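Take a look at the structure set out below.
Computed from a predicted structure; not experimentally measured. Chain naming here is simple, since letters A, B, ... match the order of the sequence lines and numbering starts at 1 in each.
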Protein chains: 4
Amino acid sequence: MPKVSQSYLDARRSQILDAATACFAREGLHRATMQDIVSESGLSPGAIYNYFASKEQIIEAIADERQSKEGSLIREAQKLSDLTNALRRIRDGFFTQLEDPKERRRRRVGIQLWAEAQRNPKIREIVRRGIDGPRDLLSRMITEAQIRREIPRSLDPDATARLMIATFHGFVLQLDWDETVAVEPYLKVLDRCLERLLAPEERKQGKRGTRRGSKGDAGTSSHRVKRRQ
Amino acid sequence: MPKVSQSYLDARRSQILDAATACFAREGLHRATMQDIVSESGLSPGAIYNYFASKEQIIEAIADERQSKEGSLIREAQKLSDLTNALRRIRDGFFTQLEDPKERRRRRVGIQLWAEAQRNPKIREIVRRGIDGPRDLLSRMITEAQIRREIPRSLDPDATARLMIATFHGFVLQLDWDETVAVEPYLKVLDRCLERLLAPEERKQGKRGTRRGSKGDAGTSSHRVKRRQ
Amino acid sequence: MPKVSQSYLDARRSQILDAATACFAREGLHRATMQDIVSESGLSPGAIYNYFASKEQIIEAIADERQSKEGSLIREAQKLSDLTNALRRIRDGFFTQLEDPKERRRRRVGIQLWAEAQRNPKIREIVRRGIDGPRDLLSRMITEAQIRREIPRSLDPDATARLMIATFHGFVLQLDWDETVAVEPYLKVLDRCLERLLAPEERKQGKRGTRRGSKGDAGTSSHRVKRRQ
Amino acid sequence: MPKVSQSYLDARRSQILDAATACFAREGLHRATMQDIVSESGLSPGAIYNYFASKEQIIEAIADERQSKEGSLIREAQKLSDLTNALRRIRDGFFTQLEDPKERRRRRVGIQLWAEAQRNPKIREIVRRGIDGPRDLLSRMITEAQIRREIPRSLDPDATARLMIATFHGFVLQLDWDETVAVEPYLKVLDRCLERLLAPEERKQGKRGTRRGSKGDAGTSSHRVKRRQ
DNA sequence: AATGAATGAGATTTCATTCAT
DNA sequence: CATGAATGAAATCTCATTCAT
């Protein structure tokens with residue numbers, strides 16, 4: 001089979017990565033053997049090694065794919081004018097994907113990659129690129145929204161971005177542990193949470209009147225918490 | 001037959017689990033070999049197999065330890081009268097631990113256990129027990145607070161509990177990827193987030209515009225507190 | 001079916017053998033892969049297999065080339081009238097070649113063929129043909145010189161031929177281990193050695209008789225014994 | 001089988017090396033598989049890898065053994081007072097060994113090591129140590145004999161040592177190609193050759209030109225050949 | 001209880017060769 | 001004749017576990 005088109009080559013590559021993803025989701029990164037991938041893909045060991053030099057490189061390729069897909073999703077959203085819309089778009093992008101079984105399979109592998117990143121510098125690099133990039137983008141979007149006075153300036157952009165990302169990753173874990181968990185109720189709480197977090201601060205002088213008194217009041221709780229530390 | 005004291009036996013067991021945890025944190029659950037654990041522990045293979053029937057059982061024991069520790073932390077908090085205090089206690093318990101290097105090492109292994117849980121039913125069971133239990137507790141605490149009218153009834157207790165847990169697990173991941181991340185700023189945003197999420201809803205009638213303003217209520221105070229940052 | 005000229009075919013064949021020789025010299029007979037030869041030659045696997053049915057046949061062809069070249073060199077020399085001149089010619093033929101880098105490369109492969117001959121009957125056959133033939137020739141030349149009374153009859157022709165060949169092969173090895181070894185000083189000693197070996201025996205009676213005379217005697221007898229061989 | 005004696009360990013090591021030598025002699029360094037060695041030794045793969053980290057290290061160990069044995073043989077001889085006796089001793093040591101089937105087997109492997117040395121730096125190192133050391137020793141012995149006026153000063157010690165070694169290695173090759181070759185006739189010619197090579201030069205005046213003058217010329221020619229280089 | 005050498009199934013990877021195009 | 005992707009047998013090495021001492 002000589003002289004084949006690039007698209008043929010690409011198809012084979014995808015065939016391998018899909019098979020590998022299926023195996024990894026089923027058996028785990030380490031338990032899945034090359035033979036498993038061979039069987040799943042319908043190719044021969046030699047064929048696979050024509051496309052990837054090692055099992056590790058297959059893993060890297062899978063990590064890479066994931067990372068680039070997420071990156072572009074966020075970059076898209078960034079173009080939107082206001083933060084609220086952008087966040088909504090990002091939220092939709094990430095959470096609605098989760099309903100797709102294929103995406104869940106990829107997320108399963110994603111969790112394994114988190115573990116793998118601890119020991120494998122290349123995977124670590126890829127995973128971090130897939131997290132740090134989006135986080136920086138988010139953080140910048142927040143800062144800009146602060147400049148535009150859309151949201152309170154008191155929010156730490158980096159920490160806020162981290163919180164947003166955490167709410168997603170954390171939920172991905174929960175979905176992994178229990179596939180029946182519904183996405184929607186979670187999203188509802190999450191929305192409410194973000195909405196209030198980003199809401200403008202009141203500078204009322206009216207009813208609650210005391211203004212400074214209230215500060216003591218409400219602030220107290222969060223403040224107190226801090227203090228003991 | 002050499003008969004030894006129970007405390008001797010326990011010490012050996014700990015010795016093995018500590019060594020294994022170190023190896024797993026360093027090399028990963030699969031890459032770490034029994035020989036690694038043998039070397040790290042200073043014992044012999046045979047000795048180790050006198051205490052644990054297999055590598056897997058060592059992993060299970062480590063998962064168990066973790067799970068029971070977290071469980072008791074939450075059960076403690078549950079005894080507190082109001083939700084705010086209970087949450088504060090829980091938050092402190094989980095997040096301040098993270099400053100401890102030994103705990104971070106355990107969390108590293110914890111991430112690997114998340115991945116392992118996908119394939120290993122026993123580990124899955126243990127991990128889920130460590131998550132579902134606390135989540136149920138949290139959920140119940142929320143429900144009770146709603147009954148006590150401490151917090152809005154519109155919140156879905158389960159989803160809210162999930163969100164809380166997600167913000168912790170998600171941050172654990174971020175710490176794993178970058179050890180230099182500061183805990184405090186994250187906690188500050190998280191506090192503010194929860195505070196506002198749980199704040200009483202305004203029942204204003206009329207102008208939507210106010211809604212956002214009022215939403216600021218609770219948040220505001222917490223915001224001012226922020227200022228010291 | 002594209003029909004091409006014989007010279008085209010020959011050129012391709014040489015191209016392959018040259019590339020293979022380069023690879024074998026660089027990597028060794030076993031470590032050099034067909035892919036190496038493919039890369040080195042600039043041809044495709046399929047093309048190479050059009051000219052040689054297997055890697056082994058390439059090796060055989062290389063061994064063949066070598067053997068026939070050496071054979072003809074000796075046959076040439078044989079035509080000379082006296083042993084001394086013939087030996088000189090042979091010696092020049094073999095040793096002066098060694099200065100040529102290309103020839104050294106071939107000798108490198110030659111050493112590998114010596115090892116390969118142990119296990120591969122075909123290679124063994126070819127190598128032996130390349131050694132036994134020349135040795136027989138040498139041996140016959142020596143016998144004839146003895147008949148012509150050019151050299152002592154006490155020399156065992158076969159053993160003498162073997163010694164001559166050994167001095168060459170042995171030096172080839174030394175050159176292989178250290179490319180900087182000078183050929184000239186070696187040749188000088190070798191010349192002197194052969195010159196004296198072939199010199200007429202002294203028929204002195206008396207002093208020298210003591211030392212090695214007896215030994216010489218023994219040798220003589222053994223030689224006669226040999227003759228039946 | 002814990003806590004075994006050092007001699008037990010040594011026996012196992014030898015067992016492996018013996019099995020490996022047998023396999024290598026039979027199949028060649030590359031064709032012999034670890035499984036062959038496993039079968040031949042009667043041990044398991046794991047057991048073998050407890051003693052040697054890789055197939056290559058087994059090869060190195062075999063090369064090492066060989067080298068050290070030869071080294072000590074020569075060092076022994078060196079202690080003898082005069083060159084003639086020392087050489088005789090060395091010659092006996094090397095050549096009479098060759099009658100031993102086990103030694104022949106080792107020599108077979110030795111030839112493979114010569115080939116292997118080309119590509120494997122470690123083997124190269126070991127082989128060279130096994131050659132250069134003895135050659136230096138020989139060379140020094142020759143120089144000292146020259147100082148003692150035992151042998152002519154006109155001989156280049158290094159080249160002479162090389163010649164001696166070559167006559168051995170070259171013969172080892174011939175034995176490898178044809179196991180039936182008799183050692184004795186070869187030795188006889190070799191003895192005669194060395195004896196005359198080392199014999200005092202005749203300082204006859206007169207007939208120098210007549211007898212072997214031409215031969216001397218021959219030697220010269222080789223020199224001339226050199227020159228153009 | 002401890003030791004640690006031995007086990008052996010099984011994992012990854014290689015590479016000579018084929019054959020559809 | 002040439003191409004080069006595919007094949008798949010086989011090779012090296014690993015490592016959890018055992019068990020005689």
Discussion item. Between P on E:dT7 and CG on D:Leu43, what's the gap in Å once rounded to a whole number?
Written reply: 6 Å
Worksheet item: Salt-bridged, B:Lys122 to B:Glu116, with N to O below 4.0 Å?
Response: no
Practice prompt. Give the C-alpha distance, both sets of side-chain angles, the deciding distance and a yes or no for salt bridge (Lys or Arg N to Asp or Glu O under 4.0 Å) between B:Arg106 and B:Glu65.
Written response: CA-CA 10 Å; B:Arg106 276 190 230 110; B:Glu65 266 194 347; 5.8 Å; no
Fill in: Atom-to-atom span, CD1 of A:Ile48 to P of E:dT14 - whole angstrom
14 Å
Practice prompt. Find the distance D:Ile16:CD1 to F:dC13:P and express it as a whole number of Å.
Written response: 14 Å
Item to complete: Assess whether side-chain contact (heavy atoms from CB on, under 4.5 Å) is satisfied between C:Ile58 and C:Met34, documenting all intermediate values.
Response: CA-CA 10 Å; C:Ile58 295 178; C:Met34 285 303 279; 4.0 Å; yes
Fill in: Residue A:Pro45, side-chain heavy atoms: nucleotide from E:dG4, E:dT12, F:dA9 that is nearest
F:dA9
Worksheet item: B:Gly46 or C:Met34: which one's nearest nucleotide on DNA chain E is closer to the 5' end?
Response: B:Gly46
Worksheet item: Between C:Arg107 and C:Glu103, is the closest basic N to carboxylate O distance under 4.0 Å?
Response: yes
Worksheet item: Hey, does C:Ile37 reach any base, or is it just sugar-phosphate, or nothing, if we go heavy atoms under 4.0 Å?
Response: nothing
Worksheet item: Which of the following nucleotides, E:dA6, F:dA2, F:dT14, is nearest to the side chain of D:Ser44?
Response: E:dA6
Response to the item:
Taking Watson-Crick and G-U wobble contacts under 3.5 angstrom, with | marking pairs to another strand and [ ] crossing pairs, the secondary structure of DNA chain E is written .||||||||||||||||||||
Discussion item. Using heavy-atom distances to pick each residue's nearest nucleotide on DNA chain F, tell me which of D:Arg31 and A:Gly42 is more 5'.
Written reply: A:Gly42
Worksheet item: Given C:Phe52 and C:Arg13, is the side-chain contact (heavy atoms from CB on, under 4.5 Å) satisfied, shown in steps?
Response: CA-CA 9 Å; C:Phe52 297 93; C:Arg13 215 186 116 95; 3.5 Å; yes
Worksheet item: Can a side chain N or O of A:Tyr8 be found less than 4.0 Å away from OP1 or OP2 on E:dA20?
Response: no
Response to the item:
By nearest-nucleotide position on DNA chain E, the 5'-leaning member of C:Thr33 and B:Tyr51 is B:Tyr51
Item to complete: Output the distance between atom CG (C:Leu29) and atom CD1 (C:Ile123), rounded to the nearest 0.5 Å.
Response: 7.5 Å
Discussion item. Does D:Ile58 reach a base, just sugar-phosphate, or nothing at all? Heavy atoms under 4.0 Å.
Written reply: nothing
Worksheet item: When rounded to the nearest 0.5 angstrom, what distance separates NE2 in B:His30 from CZ in A:Arg31?
Response: 4.5 Å
Worksheet item: Choosing from E:dT13, E:dT3, F:dT7, which nucleotide comes nearest the side chain of B:Ala47?
Response: E:dT3
Practice prompt. Look at the aromatic rings of A:Trp114 and B:Trp177 and report parallel, tilted or perpendicular, splitting at 30° and 60°.
Written response: perpendicular
Response to the item:
Separation of E:dT3 atom P from D:Leu9 atom CG, nearest Å, is 17 Å
Worksheet item: Between D:Asn50 and E:dA5, does any side-chain N or O lie under 4.0 Å from OP1 or OP2?
Response: no
Worksheet item: What does C:Ala32 touch in the nucleic acid at a heavy-atom separation under 4.0 angstrom: a base, only the sugar-phosphate, or nothing?
Response: sugar-phosphate
Discussion item. Please report the distance, rounded to the nearest Å, between NZ in A:Lys55 and P in E:dT14.
Written reply: 15 Å
Worksheet entry | Atom-pair distance (CD on B:Gln15; P on E:dA1), nearest Å | 14 Å
Discussion item. Does E:dA6 have its OP1 or OP2 closer than 4.0 Å to a side-chain nitrogen or oxygen of D:Arg12?
Written reply: yes
Worksheet item: When the distance from CG of C:Asp36 to C1' of E:dT14 is rounded to whole Å, what number comes out?
Response: 12 Å
Worksheet item: Roughly, in whole Å, what's the span from CD in C:Gln35 to P in E:dC15?
Response: 10 Å
